[in-house]
Amino acid sequence: MSSGASGSARTRYAILGCGSVGHAVAEELTDRGKDVLILDRDESRVEALRDQDLNARVQDIAEPDVVDELDDRDIVLILASDVEANKAAVSAVRETGGDHYVVVRASDPVSEDELRERGADVVINPSTVIADSALQSLETGELEYMARQLAEIIEEGGDRMAILTHDNPEPDSIASATALQAIAEAFGVDADIIYSGDVGHQENRAFVNLLGIDLLARGDAPPLSEYETVAAVDLAKAAAEDLDLDASIDIYLDHLESEVPFDARFVDVRTNVSSTSTILTKYLQEFDQSPSEAVATALLYGIRAETLDFKRDTTPADLTAAAYLHPFANHDTLEQVESPSMSPETLDVLAEAIQNREVQGSHLFSTAGFIRDREALAQAAQHLLNLEGITTTAVLGIADEKIYLAARSKDIRLNIGNVLDEAFSEMGDAAGHSTQGSLEIPLGIFTGIEASGENRDTLLHLTEEAVRRKLFDALGVEGGSGDSSNGS
């Protein structure tokens with residue numbers, strides 16, 4: 001191998017075996033100005049290559065003396081259709097002790113393994129390459145087809161659209177709805193983003209306020225039956241009966257399969273991405289719509305929030321979507337969204353949770369008592385996860401005649417959403433995934449005690465004890481009997 005070579009401009013290539021694949025590679029490298037030597041045993045083929053001003057020589061690549069032609073070559077591409085000849089060529093190159101970089105063509109998984117054992121740096125299986133290329137083309141064609149269908153439904157659906165978000169909407173749901181609203185407006189359709197519950201988490205409120213996103217509470221919006229088109233985004237965890245729909249859904253977009261399938265005219269559910277914001281970004285690109293600063297910022301934040309800033313279940317599609325959005329987004333606004341001031345209610349809940357914490361191993365359970373803002377539980381659980389030695393947190397609170405629990409985990413062996421579902425699904429509504437989960441149980445299911453003033457302390461104690469025991473049992477740790485400490 002040439003010892004003085006440095007940088008791609010001085011790299012010298014050899015192509016051993018010049019059938020259709022080798023010929024295509026040789027032409028591409030030559031067009032890029034590379035120094036290419038072609039070796040092939042077919043004299044007529046070599047003559048034809050020379051007529052095309054390619055540097056070609058007659059050489060049987062299966063013979064050991066093929067290495068004599070490669071002294072000044074850096075990268076050797078062995079691309080004959082004869083796999084046995086390719087094996088012999090790899091062995092000949094490696095037996096000389098040279099440090100050529102060897103790329104070789106295989107025919108099947110068995111020959112792939114054997115060629116690697118003989119010392120090939122890269123093994124290419126044409127059938128796999130063709131399959132990958134076909135799948136990429138299929139994905140492109142499928143998105144084009146889906147975008148055409150979506151456009152038809154939006155254009156033919158009239159002048160007004162309702163876009164439903166997740167209850168108590170979070171960034172991915174809000175951002176996806178904002179992007180779909182922008183797409184609808186590009187087709188001349190006015191769209192309202194409608195939510196149920198509350199925009200409770202401080203980051204979510206900052207997100208909506210700083211970006212000027214207009215959301216309509218379900219109670220303040222017209223009946224869904226008054227809209228010509230109804231769309232829903234990111235509703236996988238909601239059952240259709242919980243949405244109190246008075247109209248059919250026309251468009252449904254999500255990155256998770258719904259527990260209760262939605263019967264919509266247009267459905268795009270992609271479980272191979274980690275956020276619905278990624279899906280909407282792809283549609284913006286397909287419609288050739290450059291996102292506004294607000295839409296791009298919202299979508300980028302939606303992707304980052306859903307993937308925990310690209311640390312959880314991030315796919316190549318999420319990364320390429322984020323890269324596309326990056327130059328359009330306002331990063332000063334993103335920084336403000338991610339660092340909102342803490343409300344007095346959240347501070348009170350966090351203080352209670354710190355004071356009442358109980359630790360078993362690396363698992364922490366706490367109660368914040370009777371609360372006004374249930375979203376503060378999630379923030380407290382996230383803050384407590386920063387304590388040294390803690391990998392899982394759960395914070396309980398009581399509000400509106402219900403028990404609420406927010407849980408967080410950074411233990412890669414644990415799916416906290418599944419833990420809550422297995423432990424409490426028969427008692428209430430549990431949802432979540434590997435790193436976070438939530439629980440909602442009717443008050444009194446454990447105790448049968450009414451929440452009167454004189455019973456509040458008793459009710460809280462019994463509820464806390466019952467939930468803690470069941471959660472620690474589900475986590476498989478000791479502590480279900482009360483032998484826990486506050487970790488101080």
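- At distances below 3.5 Å, not a single donor-acceptor pair connects side-chain atoms of S173 with backbone N or O atoms of E170.
- At most 12 non-hydrogen atoms from other residues, nucleotides or ligands lie less than 6.0 angstrom from CZ of R41.
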(request) Step by step, work out the side chain to side chain contact (heavy atoms under 4.5 Å, CB included) result for D172 and H255. (result) CA-CA 10 Å; D172 188 33; H255 72 284; 3.6 Å; yes

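- Using a 4.5 Å cut-off on side-chain heavy atoms (C-beta onward), L70 and T96 make no contact.
- To the nearest 0.5 Å, atoms NE2 (H363) and CG (L414) are separated by 6.5 Å.
- Taking the charged nitrogens against the carboxylate oxygens, D71 and R12 have no contact shorter than 4.0 Å, which rules out a salt bridge.
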(request) Could you give me the CA-CA distance, side-chain angles and deciding distance for S275 and D318, then say whether side chain to side chain contact (heavy atoms under 4.5 Å, CB included) is met? (result) CA-CA 7 Å; S275 73; D318 300 315; 4.0 Å; yes

Give the table of side-chain donor-acceptor pairs shorter than 3.5 Å for residues 281-289, with sequence neighbours excluded, one pair per line with atom names and distance.
from	atom 1	to	atom 2	distance (Å)
T281	OG1	S277	O	2.8
K282	NZ	T320	OG1	3.1
Y283	OH	D268	OD2	2.6

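- At least one side-chain heavy atom of L115 sits less than 4.5 Å from a side-chain heavy atom of K87.
- Although no hydrogens or angles enter the test, the distance criterion places a donor-acceptor pair under 3.5 Å between the side chain of D250 and the main chain of V230.
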(request) Please step through side chain to side chain contact (heavy atoms under 4.5 Å, CB included) for the pair L54 and V36, ending with a clear verdict. (result) CA-CA 8 Å; L54 295 171; V36 181; over 6 Å; no

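- Scanning all heavy atoms of the two residues, the minimum distance from A296 to A329 falls at CB-N, 4.0 Å.
- The side-chain heavy atoms of F310 and R304, taken from C-beta on, include a pair separated by under 4.5 Å.
- Not one N or O on the side chain of D113 forms a donor-acceptor pair closer than 3.5 Å with the backbone of V110.
- R57 contributes atom CZ, which lies 13.5 Å from atom CG of L49 (distance to the nearest 0.5 angstrom).
- Proximity of D192 to Y227: side-chain heavy atoms (C-beta onward) are separated by under 4.5 Å at one or more points.
- The distance from atom CG of L253 to atom CG of L280, rounded to the nearest 0.5 Å, is 6.0 Å.
- Under the 3.5 Å distance criterion, the side-chain polar atoms of R73 are matched with a main-chain donor or acceptor of Y13.
- Of all heavy-atom pairs spanning C18 and R45, the tightest one is O-CD, 3.0 Å.
- Counting heavy atoms from C-beta outward, L471 and L420 have side chains that approach closer than 4.5 Å.
- A donor-acceptor pair is defined here as one N or O able to donate and one able to accept, closer than 3.5 Å; such a pair exists between the side chain of Q181 and the backbone of A191.
- A donor-acceptor pair under 3.5 Å is absent between the side-chain atoms of N330 and the main chain of E293, judged by distance alone.
- Expressed to the nearest 0.5 Å, how far CG of D421 lies from CD1 of I416 amounts to 11.5 Å.
- A distance of 13.5 Å separates CZ in R408 from CG in L364, rounded to the nearest 0.5 Å.
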(request) List the steps and the verdict of side chain to side chain contact (heavy atoms under 4.5 Å, CB included) for R94 and V102. (result) CA-CA 9 Å; R94 287 300 181 227; V102 177; 3.5 Å; yes

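- Between L475 and V419, some side-chain heavy-atom pair lies under the 4.5 Å cut-off.
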(request) Given side-chain hydrogen bond (donor to acceptor under 3.5 Å, both in side chains), test R118 with S91 step by step and report yes or no. (result) CA-CA 6 Å; R118 294 191 181 207; S91 297; 3.1 Å; yes

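- A 4.5 Å side-chain heavy-atom check between I194 and L224 finds at least one atom pair inside the cut-off.
- Heavy atoms of other residues, nucleotides or ligands lying less than 6.0 angstrom from CG of D214 number 12 at most.
- F207 CZ to I213 CD1: the interatomic distance, rounded to the nearest 0.5 Å, is 4.5 Å.
- Counting heavy atoms from C-beta on, the side chains of N86 and I61 come closer than 4.5 Å.
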Give the table of side-chain donor-acceptor pairs shorter than 3.5 Å for residues 150-162, with sequence neighbours excluded, one pair per line with atom names and distance.
none

